[in-house]
Amino acid sequence: QASLLTLVIRRVISNHDLVQVLNIDRDKILSDFNAQKDLFYRVFPAQVDQGSKKPPTLDWMISRCADGARKTAPRELIHLLTSLRDKEIGRLELGEPPAPGEQLFDRSVFKEALSIVSETRYNQNLLAEHPDLKEILAKLNGEKTEQTVDSLAELWEMDRDQAVALAQRLVEIGFFELRGSKDAQTFWVPFLFRDALSMSQGLAE
């Protein structure tokens, strides 16, 4: 998480005007992890979704940009930041009030920005690299985010062995995260791909 936080902070302090307005010491910030975290929560909201059981914003950003192997690529995080900026500018151009305090982004733009990242990652990366999976993945459109072997076999109209093999391939390319025990395995779609396929939270029946 430390390297990804530094990546975000480097983007923030690359803005000369912002550094001046917030009186930021670049060298001090980059040499101190705690100072980076303090600056992050100075310019980002504490949470995207408010509530005692909801994650802090940094954790939200990293987890939402992670693939099925729970790896968050820097390119996804950078794309999320640029999408946040574009969505926040759009808010202000519509005459909506700026984010509170010194925050750069209102909480409302985070999910909209993630949707853009999801569409790009799915269409321009995943499908471009694995075009033969397009039809199979399209059948997950509008479905639940957690699937069983049986639900996949029914959805894909194939026997269980074929469904297991195909699901395993989707695990290998990071589309699915394998969960559960060997006797009760489920295939979970990470947040990164959900918006692109209009999927809804929950376990398939």
Is [Y] close to [X] at the side-chain level, that is, under 4.5 Å between some pair of heavy atoms?
{"X": "Asp25", "Y": "Val19", "value": "no"}
{"X": "Leu140", "Y": "Phe176", "value": "yes"}
{"X": "Val149", "Y": "Thr186", "value": "no"}
{"X": "Met158", "Y": "Ile136", "value": "yes"}
{"X": "Glu172", "Y": "Gln168", "value": "yes"}
{"X": "Trp60", "Y": "Gln47", "value": "no"}

Is a side-chain donor-acceptor pair under 3.5 Å present for Thr6 with Ser3?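 Judged by distance alone, the side chains do not pair up.
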
Just by distance, with hydrogens left out, do Ser108 and Asp106 show a side-chain donor and acceptor under 3.5 Å apart?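 Yes, Asp106 and Ser108 have a side-chain donor paired with an acceptor closer than 3.5 Å.
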
Within the side chain of [X], is there an N or O that forms a donor-acceptor pair under 3.5 Å with the backbone of [Y]?
{"X": "Arg179", "Y": "Gln185", "answer": "no"}
{"X": "Ser118", "Y": "Ala196", "answer": "yes"}
{"X": "Glu177", "Y": "Ala69", "answer": "no"}
{"X": "Arg91", "Y": "Pro97", "answer": "yes"}
{"X": "Gln162", "Y": "Asp159", "answer": "yes"}

Determine, step by step, whether Leu133 and Leu166 satisfy the side chain to side chain contact (heavy atoms under 4.5 Å, CB included) criterion, reporting the C-alpha distance in whole Å, the side-chain angles of both residues, the deciding distance to 0.1 Å, and the verdict. CA-CA 9 Å; Leu133 294 173; Leu166 189 50; 3.9 Å; yes

Using the rule given for side chain to side chain contact (heavy atoms under 4.5 Å, CB included), can you reason through Leu137 versus Leu170, listing the C-alpha separation, both sets of side-chain angles and the distance that settles it, and then say yes or no? CA-CA 9 Å; Leu137 290 170; Leu170 294 178; 3.9 Å; yes

If the plane angle is over 60° it's perpendicular, under 30° parallel, otherwise tilted; pick one for [X] and [Y].
{"X": "Phe44", "Y": "Phe105", "result": "tilted"}
{"X": "Tyr122", "Y": "Phe175", "result": "tilted"}
{"X": "Trp188", "Y": "Phe191", "result": "perpendicular"}

Compare every heavy atom of [Y] with every heavy atom of [X], then report the nearest pair and how far apart it is.
{"X": "Pro45", "Y": "Arg107", "result": "CB-CG, 3.5 Å"}
{"X": "Leu155", "Y": "Lys139", "result": "CD2-O, 3.4 Å"}
{"X": "Ile62", "Y": "Thr72", "result": "O-OG1, 2.7 Å"}
{"X": "Tyr41", "Y": "Leu58", "result": "OH-N, 3.1 Å"}
{"X": "Val117", "Y": "Ser83", "result": "CG2-OG, 4.3 Å"}
{"X": "Leu80", "Y": "Leu114", "result": "CD1-N, 3.7 Å"}

Looking at [atom1] of [X] and [atom2] of [Y], how far apart are the two atoms once the value is rounded to the nearest 0.5 Å?
{"X": "Gln20", "Y": "Ile24", "atom1": "CD", "atom2": "CD1", "answer": "10.5 Å"}
{"X": "Leu203", "Y": "Gln147", "atom1": "CG", "atom2": "CD", "answer": "8.0 Å"}
{"X": "Leu7", "Y": "Ile78", "atom1": "CG", "atom2": "CD1", "answer": "4.5 Å"}
{"X": "Leu39", "Y": "Leu30", "atom1": "CG", "atom2": "CG", "answer": "9.5 Å"}
{"X": "Glu112", "Y": "Asp195", "atom1": "CD", "atom2": "CG", "answer": "10.5 Å"}
{"X": "Leu4", "Y": "Met61", "atom1": "CG", "atom2": "CE", "answer": "9.5 Å"}

Any chain of hydrophobic side-chain contacts (each under 4.5 Å) joining [X] to [Y]?
{"X": "Leu197", "Y": "Ile116", "answer": "no"}
{"X": "Leu104", "Y": "Leu92", "answer": "no"}
{"X": "Val171", "Y": "Met199", "answer": "yes"}
{"X": "Phe193", "Y": "Ile173", "answer": "yes"}

Identify the residue among Glu146, Arg194, Lys144 that makes a side-chain hydrogen bond (donor to acceptor under 3.5 Å, both in side chains) with Gln201.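 It is Arg194; the other options fail the test.
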
Heavy-atom count around [X] [atom1] within 6.0 Å, excluding the residue itself: above 12?
{"X": "Arg42", "atom1": "CZ", "result": "yes"}
{"X": "Lys28", "atom1": "NZ", "result": "no"}
{"X": "Glu129", "atom1": "CD", "result": "yes"}
{"X": "Glu154", "atom1": "CD", "result": "no"}

Should Leu18 and Val12 be marked as a side chain to side chain contact (heavy atoms under 4.5 Å, CB included) after you check the CA-CA gap, both sets of side-chain angles, and the distance that decides it? CA-CA 8 Å; Leu18 186 65; Val12 171; 3.5 Å; yes

Go through Arg121 and Arg75 one step at a time and tell me if the side chain to side chain contact (heavy atoms under 4.5 Å, CB included) criterion holds. CA-CA 10 Å; Arg121 180 70 169 83; Arg75 69 179 179 188; 3.7 Å; yes

Would Lys111 and Asp49 satisfy salt bridge (charged side-chain N to carboxylate O under 4.0 Å, His left out), going step by step from the backbone distance to the final call? CA-CA 10 Å; Lys111 291 180 182 179; Asp49 297 309; 2.7 Å; yes

Can you list the steps and then say if Arg169 with Asp132 is a salt bridge (charged side-chain N to carboxylate O under 4.0 Å, His left out)? CA-CA 12 Å; Arg169 183 180 171 196; Asp132 60 309; 2.7 Å; yes

